[in-house]
Amino acid sequence: ELEDGLDEAFSRLAESRTNP
Amino acid sequence: GGVGMASGAYVVPKSVWLPAMKAKGLEISGTFARRAGVLQMELSLTNKAMSIMSDFAIQFNRNSFGLAPAGPLQVLTPLSPNQTIEVSLPLSTVGPVMKMEPLTNLQVAVKNNIDVFYFSCQYPISMLFVEDGKMERQVFLATWKDIPNENEAQFQIKDCHLNADAASAKLQSSNIFTIAKRNAEGQDILYQSIRLTNSIWVLSELRMQPGNPSYTLSLKCRASEVSPFVFQSYEMVLKN
């Protein structure tokens, strides 16, 4: 569950920096 | 290109640090390497004088990362005129610290039977990237958020033609570790971590777009003065 959460957190980070 | 080594990390070719005319005939060229976790100063000593040279010793001034010789300079036989010898000097990072300008400057004194000579050289900061520099993913995310935006520096790496996986593999051989890889709007994005010998962490985001030879590197570090030197390391590793 933690791993899934971290995967998602990295996706969100990448997304937020691509479209700030 | 430089000399290859077992771990695949790039070593800058030797350059002349002390010309013979400034040192009564002693010429010193050298480079720095990290070989299987061991830091080394690799030197070529050439005797361009007309008499034998002996009794060599080396000393460093205090420096930004506490670099110090971990043993004596091993020149076991006198150096005849026109002779060159190669010497590897193991280094430690627990010597006295003083911030230098530029940060990676090292002042060296070399003595022989003739005199004492002084020179300055610069080491690549990548030599200080440790083998256990892969940050836990959860810690990376928290640290990334925690480091203020003022401490983020952005750089362009031009003329690079590696894809994300090749770049990641190349960087890993110099202890720059990929923690996550994502794709957003056609860009490949690598999140990476580096730890220096003095436990400073550097977090990075490397962006690349297929077909575009220019990468964007963003570095976050609490000691942001190291960032330009880390950028130089990325360039050196990716282009060699």
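The figures here come from the full heavy-atom set of this structure, side chains too, leaving out hydrogens, waters and symmetry mates. Just so it is clear: chains get the letters A, B, ... in the order the sequence lines come, proteins before strands, and each one is counted from 1. Everything numeric here is computed off the predicted structure, so don't read it as measured data.
Rounding to the nearest 0.5 Å gives a distance of 6.0 Å between CZ of Phe10(A) and CD1 of Ile179(B). The distance from the CD atom of Glu152(B) to the CZ atom of Arg17(A) is 4.0 Å, given to the nearest 0.5 Å. Glu185(B) CD to Thr18(A) OG1: the interatomic distance, rounded to the nearest 0.5 Å, is 6.0 Å. How far CG of Leu13(A) is from CZ of Phe140(B): 7.0 Å, rounded to the nearest 0.5 Å.
Proximity to chain B involves both the backbone and the side chain of Asp7(A), based on heavy atoms less than 4.5 angstrom apart. Of the atoms belonging to Arg182(B), it is side-chain heavy atoms, and not backbone ones, that fall under 4.5 Å from chain A.
Contact between Ala184(B) and Ala14(A) at its shortest, heavy atoms only, is CB-O, 4.4 Å.
No more than 12 heavy atoms of other residues, nucleotides or ligands shown are found within 6.0 angstrom of NZ on Lys145(B). In Gln156(B), the CD atom is crowded: over 12 heavy atoms of neighbouring residues, nucleotides or ligands sit closer than 6.0 Å.
Along residues 196-230 of chain B, the residues that come nearer than 4.5 angstrom to chain A, judged on non-hydrogen atoms, are Glu205(B), Arg207(B), Ser218(B) in order of number.
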